[in-house]
Amino acid sequence: MSDAVLNQFTQAVEEEKKVSDRRLKIGIIGTGWIAEAHIESYLDMDDVDIVAMADLIPGKAEKFAAKYGVEGCRFYPSHKEMLDNEELDGVSICTYNMTHAECAIYALEKGVNVLLEKPMCVTTEEAVEIMRAEKKSGKILSIGFQPRLDENMKMVKQIVQSGVLGEIYYIQTGGGRRRGVPNSTFIEKKTAGIGAMGDIGCYSLDMVLNAIGYPKPLTVTGYTSAFFGANPKYNNPADAARFNVEDFAAAFVRLEGGIILDFRISWAMHIDSPGDTIILGKEGALRIPATDCWNGSIGGPMTIYSDMAGNQVETKIPVCENKGKGLFYKKVRSFLDAILENGKAPVPSSEILYNQAIIDHIVKSAELGKEIEVVIPEI
């Protein structure tokens, strides 16, 4: 181990921000599973009032509020009715993927700050329309990538940005599950639009793209398949019958700056992992151990490979401890702090646009069976 290298990467001490005296009025759109993490975070904050909820299913929002003991909340059958009738400081959008764009655009048009769950949406065109609404509104739009707040994810970026790896030229990343096909709205195009890529693939893309500064994607060669989700041998027969998104995807992506991204993600496969994340630079390399099920962190100590004084050396970076509140709380809190401080979005759409474009162009390339240029309309 090289102490000279290791000493550059010690965990920083995180300071908790003081809660503001101002009370923020918050609405929640969509009261399904992911909304539970949002409401639990809001209820743990002294400067938040949850004043409104919207859900398409009659009675669902009311039951959701009762479960968490939220009183004095108003309920609506659609996001439009809620936003038309409420004065809100911010809204959490926790609907299924196919409605992310319309809900986010309408909220921004109404002058409401938005915390939009991942994936940002389904297509590149939708992402662009969201950003146009954001630009016109002047409001904060933050995308729900809580793994960015994991101390190990911060360390990945710190290592890459330090220059110890030199100029980056190749990245292998991805992850997934040997068996982990979800159900509900995740598995149909009419609600999810995309499968494993929208669920967990966007996280692994963000891990490496954020570390290298989110260069623009130029071309994509993509592949998708659904050999497990649509097969009653591996999935509940009822779910298999309606499964029509990808349960596996892979891609070869050319990025600005001559960087190659080799990506693969899976809900189901006949192996425990498609491999560790590897970032190769001209002066060194970084190995990030895979997890059993891509969970937004790392599977063990990272390793930096480099040469020193003519010798090949390996430096182990200890796993960082996440202190204080959980990552979902920190995600929500960072959004609210940006509102209070008139600050910038913690996870800006300008970055996640490229994440979404890669996923969308993987789908398009797979359909065409060839490499395609990444086309992103002007904002």
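Just the heavy atoms: all of them, side chains too, but no hydrogens, waters or symmetry mates, feed the values below.
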For residues 273-282, please give each side-chain donor-acceptor pair under 3.5 Å, one per line with the distance, not counting sequence neighbours.
unit_1: Ser273; atom_1: OG; unit_2: Gly275; atom_2: N; d: 3.0
unit_1: Asp276; atom_1: OD1; unit_2: Ala290; atom_2: N; d: 2.9
unit_1: Asp276; atom_1: OD2; unit_2: Arg287; atom_2: NH1; d: 3.4
unit_1: Thr277; atom_1: OG1; unit_2: Thr173; atom_2: OG1; d: 2.9
unit_1: Lys282; atom_1: NZ; unit_2: Glu167; atom_2: OE1; d: 3.1

Tyr305 with Met302, same ILVMFWY side-chain cluster at under 4.5 Å: no
Min side-chain heavy-atom separation Asn235-Asn231 under 4.5 Å: no
Within one Ile-Leu-Val-Met-Phe-Trp-Tyr cluster: Tyr354 and Leu218, side-chain cutoff 4.5 Å: no
Donor-acceptor side-chain pairing of Glu373 and Thr219 below 3.5 angstrom: no
Under 3.5 Å side-chain donor-acceptor pair for Asp360 and Thr123: no
Validation row: Glu40, Tyr329 side chains within 4.5 angstrom (heavy atoms): no
Side chain Gln161, main chain Lys157, donor-acceptor under 3.5 Å: no
Residues Thr303 and Glu314: side-chain donor-acceptor under 3.5 angstrom: no
Main-chain N/O of Val51 paired to Asp49 side chain as donor or acceptor, under 3.5 Å: no
Pairwise side-chain contact, Leu115 with Val91, heavy-atom cut-off 4.5 Å (strictly under): no
CZ-OG distance between Arg179 and Ser266, expressed to the nearest 0.5 angstrom: 9.0 Å
Note, Lys331 side chain near Pro346 side chain (heavy atom, < 4.5 Å): no
Test side-chain contact (heavy atoms from CB on, under 4.5 Å) applied to Phe248 and Ile265, step by step: CA-CA 6 Å; Phe248 178 86; Ile265 200 74; over 6 Å; no
Shortest non-hydrogen separation from Cys94 to Gly30 and the atoms involved: CB-O, 3.6 Å
Atom pair NZ (Lys139) and CG (Leu108), whose distance is rounded to the nearest 0.5 Å: 10.0 Å
Inter- and intrachain pairs under ring pair (Phe, Tyr, Trp, His ring centres under 6.0 Å), touching residues 51-73, at least two apart: Phe64-Tyr68
Side chain proximity check, Lys325 to Arg333, heavy atoms < 4.5 angstrom: no
Under-4.0 Å salt bridge between Lys330 and Asp150: no
Shared hydrophobic cluster for Phe145 and Phe328 (ILVMFWY, side-chain gaps under 4.5 Å): no
Point-to-point distance, once rounded to the nearest 0.5 Å, from CD1 of Ile168 to CD1 of Ile212: 7.5 Å
What pairs of donor and acceptor atoms, side-chain ones from residues 200-209 against any protein atom, are under 3.5 angstrom apart with sequence neighbours left out?
unit_1: Tyr203; atom_1: OH; unit_2: Gln146; atom_2: NE2; d: 2.9
unit_1: Ser204; atom_1: OG; unit_2: Gly201; atom_2: O; d: 3.0
unit_1: Asp206; atom_1: OD1; unit_2: Arg148; atom_2: NE; d: 3.4
unit_1: Asp206; atom_1: OD1; unit_2: Arg148; atom_2: NH2; d: 3.0
unit_1: Asp206; atom_1: OD1; unit_2: Tyr214; atom_2: OH; d: 2.7
unit_1: Asp206; atom_1: OD2; unit_2: Arg148; atom_2: NE; d: 2.9

Which atom of Met98 lies closest to which atom of Glu126, heavy atoms considered: O-OE2, 4.4 Å
Charged N-O contact under 4.0 Å between Glu62 and Lys67: no
Val332 versus Ser41, closest heavy-atom pair with distance: CG2-CB, 3.9 Å
Carboxylate-amine/guanidinium contact Asp84 Lys110, below 4.0 Å: yes
Note, Ile362 side chain near Ile358 side chain (heavy atom, < 4.5 Å): yes
Asn85 and Tyr76 side chains, donor-acceptor separation under 3.5 Å: no
For Gly144 against Lys118, the heavy-atom pair lying closest together: O-CG, 3.5 Å
Flag for Tyr42-Ser92: side-chain donor and acceptor within less than 3.5 Å: yes
Neighbour count above 12 (heavy atom, 6.0 Å) for Lys60 NZ: yes
All pairs passing ring pair (Phe, Tyr, Trp, His ring centres under 6.0 Å) where residues 95-135 contributes a residue, at least two apart: His79-Tyr106
Expected output: side-chain Asn97 to main-chain Ala192 donor-acceptor under 3.5 Å: yes
Non-hydrogen side-chain atoms of Lys189 and Thr191 separated by less than 4.5 Å: no
Residues, nucleotides or ligands: over 12 heavy atoms within 6.0 Å of Glu87 CD: no
Donor-acceptor contact present, side-chain Ser142 to main-chain Val347, <3.5 Å: yes
Check: Val313 main-chain N/O paired with Asn311 side-chain donor or acceptor under 3.5 Å: no
Side chain Ser365, main chain Lys370, donor-acceptor under 3.5 Å: yes
Minimum side-chain heavy-atom gap Pro217-Arg254 below 4.5 Å: no
Main-chain N/O of Gly229 paired to Asp247 side chain as donor or acceptor, under 3.5 Å: yes
ILVMFWY cluster, Val160 and Ile317 together (side-chain gap under 4.5 Å): yes
Minimal non-hydrogen separation, Arg132 against Pro377, with atom names: NH2-CB, 4.1 Å
From CZ (Arg177) to CG (Asp199), nearest 0.5 Å: 5.0 Å
Short N-O contact, Lys364 and Glu367, less than 4.0 angstrom: no
Check ion pair Arg23-Asp47 (N to O, under 4.0 angstrom): no
Atom pair CG/CG of Leu255 and Leu261 - distance to nearest 0.5 Å: 5.5 Å
Basic-acidic side-chain contact under 4.0 Å: Asp89, Arg22: yes
Linked, directly or transitively: Met269 and Trp267 (ILVMFWY side chains, under 4.5 Å): no
Gap separating the CG atom of Leu24 from the CG atom of Asn113, nearest 0.5 angstrom: 9.0 Å
Side chain Glu129, main chain Ala101, donor-acceptor under 3.5 Å: no
Residues that Glu81 engages under salt bridge (Lys or Arg N to Asp or Glu O under 4.0 Å), provided they are two or more places apart: none
Pair Phe227 and His270, ring centroids less than 6.0 Å apart: no
Polar side-chain atom of Glu117 near backbone of Ile34 as donor-acceptor pair, under 3.5 Å: no
Closest non-hydrogen atom pair, Gly300 against Ile298: O-CD1, 3.2 Å
Residues which pass side chain to side chain contact (heavy atoms under 4.5 Å, CB included) with Ala127, listed by chain and number, not counting sequence neighbours: Met120, Cys121, Leu353, Gln356
